[in-house]
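In what follows, a single structure is set out as structure tokens and then discussed.
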Amino acid sequence: FGLAGRTTDGEIEDTCRRIAFDPRLLGRKVQAYSFGNKKKFSYLQNLLVRPDLLIVDEPFSALDPVSIRNVRAVFQELRAQGTALLLSSHLISELEKVCDEFIIIKGGRVVVQGTLARPQEEAVRARGTDLESLFLFYSGAADYTGTLSNNSSWPCRPPANDETPPPPYLLPPGAED
């Protein structure tokens with residue numbers, strides 16, 4: 001990684017602590033690690049290079065609850081420092097805790113994208129328009145016909161030429177006309 005002379009033992013130990021990785025494991029072969037420790041070792045390698053962009057598939061898989069909390073905190077720190085994160089996951093509730101924008105892909109096509117910024121988050125959740133509900137709707141796994149208020153809005157937009165229009169509760173006010 002070109003880290004020789006740029007990374008101190010203290011930085012390595014601090015990063016290990018932040019992601020709940022036991023630094024004593026560094027003396028062992030990676031092949032002997034559990035799946036969760038392999039995931040954390042991968043984070044360790046990537047975080048030490050201080051990336052401008054971090055791309056992670058299934059960022060919370062194989063991690064215990066303490067590690068999930070720690071990794072989530074690291075993601076929030078990275079975002080605050082200006083690092084771009086691209087996370088792909090089926091643990092939607094965890095993504096909502098660290099992401100501010102989303103893209104839902106179905107069959108290799110972007111079907112909806114938007115922002116998670118919500119001024120009245122709990123009111124929106126009570127009507128079932130959280131990210132999980134959007135995913136279920138756009139993946140075709142749920143039928144929301146007539147279950148939600150047309151007065152609600154969601155700051156998202158389907159891509160141009162989308163054959164499946166968003167339900168009225170996802171459109172900004174006045175867009176139904």
How close do [X] and [Y] get, counting heavy atoms only, and between which atoms?
| X | Y | answer |
| --- | --- | --- |
| Phe60 | Arg72 | CE2-N, 4.3 Å |
| Glu96 | Glu132 | OE2-N, 4.5 Å |
| Asn46 | Pro51 | O-CD, 3.2 Å |
| Val98 | Phe75 | CG1-CB, 4.1 Å |
| Ile19 | Leu44 | CD1-N, 3.7 Å |
| Leu54 | Thr83 | N-CG2, 4.4 Å |

Supply the atom-to-atom distance [X] [atom1] to [Y] [atom2], rounded to the nearest 0.5 angstrom.
| X | Y | atom1 | atom2 | answer |
| --- | --- | --- | --- | --- |
| Ile12 | Phe21 | CD1 | CZ | 11.0 Å |
| Arg17 | Thr15 | CZ | OG1 | 8.5 Å |
| Gln113 | Ile104 | CD | CD1 | 10.5 Å |
| Ser88 | Ile105 | OG | CD1 | 7.5 Å |

Other than Leu53, which residues form its hydrophobic cluster under the rule that side-chain heavy atoms must be closer than 4.5 Å?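 Result for Leu53 is Ile55, Leu86.
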Should we count CG of Asp52 as having more than 12 external heavy atoms under 6.0 Å?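 Not buried by this count: 12 neighbours or fewer within 6.0 Å.
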Within the distance-only criterion (no hydrogens, no angle test), does the side chain of [X] pair as donor or acceptor with the backbone N or O of [Y] below 3.5 angstrom?
| X | Y | answer |
| --- | --- | --- |
| Lys40 | Ala20 | yes |
| Gln76 | Lys97 | yes |
| Tyr43 | Pro59 | yes |
| Asn37 | Tyr33 | no |

Can you list the steps and then say if Asp100 with Arg79 is a salt bridge (charged side-chain N to carboxylate O under 4.0 Å, His left out)? CA-CA 10 Å; Asp100 55 5; Arg79 285 185 58 222; 2.9 Å; yes
I'd like to know if the side chain of Ser67 pairs up with that of Asn70 as donor and acceptor (distance under 3.5 Å, no hydrogens or angles considered).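 Short answer, no.
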Could you walk me through whether Val56 and Leu85 pass side chain to side chain contact (heavy atoms under 4.5 Å, CB included), step by step? CA-CA 8 Å; Val56 185; Leu85 300 172; over 6 Å; no
Is a salt bridge present between Glu11 and Arg50, judged by a nitrogen-to-oxygen distance below 4.0 Å?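 Looking at Arg50 together with Glu11, the answer is yes, because their closest N to O distance falls below 4.0 Å.
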Given the rule in the salt bridge (charged side-chain N to carboxylate O under 4.0 Å, His left out) test, do Lys39 and Glu58 qualify, once you have shown the distances and angles that lead to the verdict? CA-CA 10 Å; Lys39 172 83 76 179; Glu58 298 298 343; over 6 Å; no
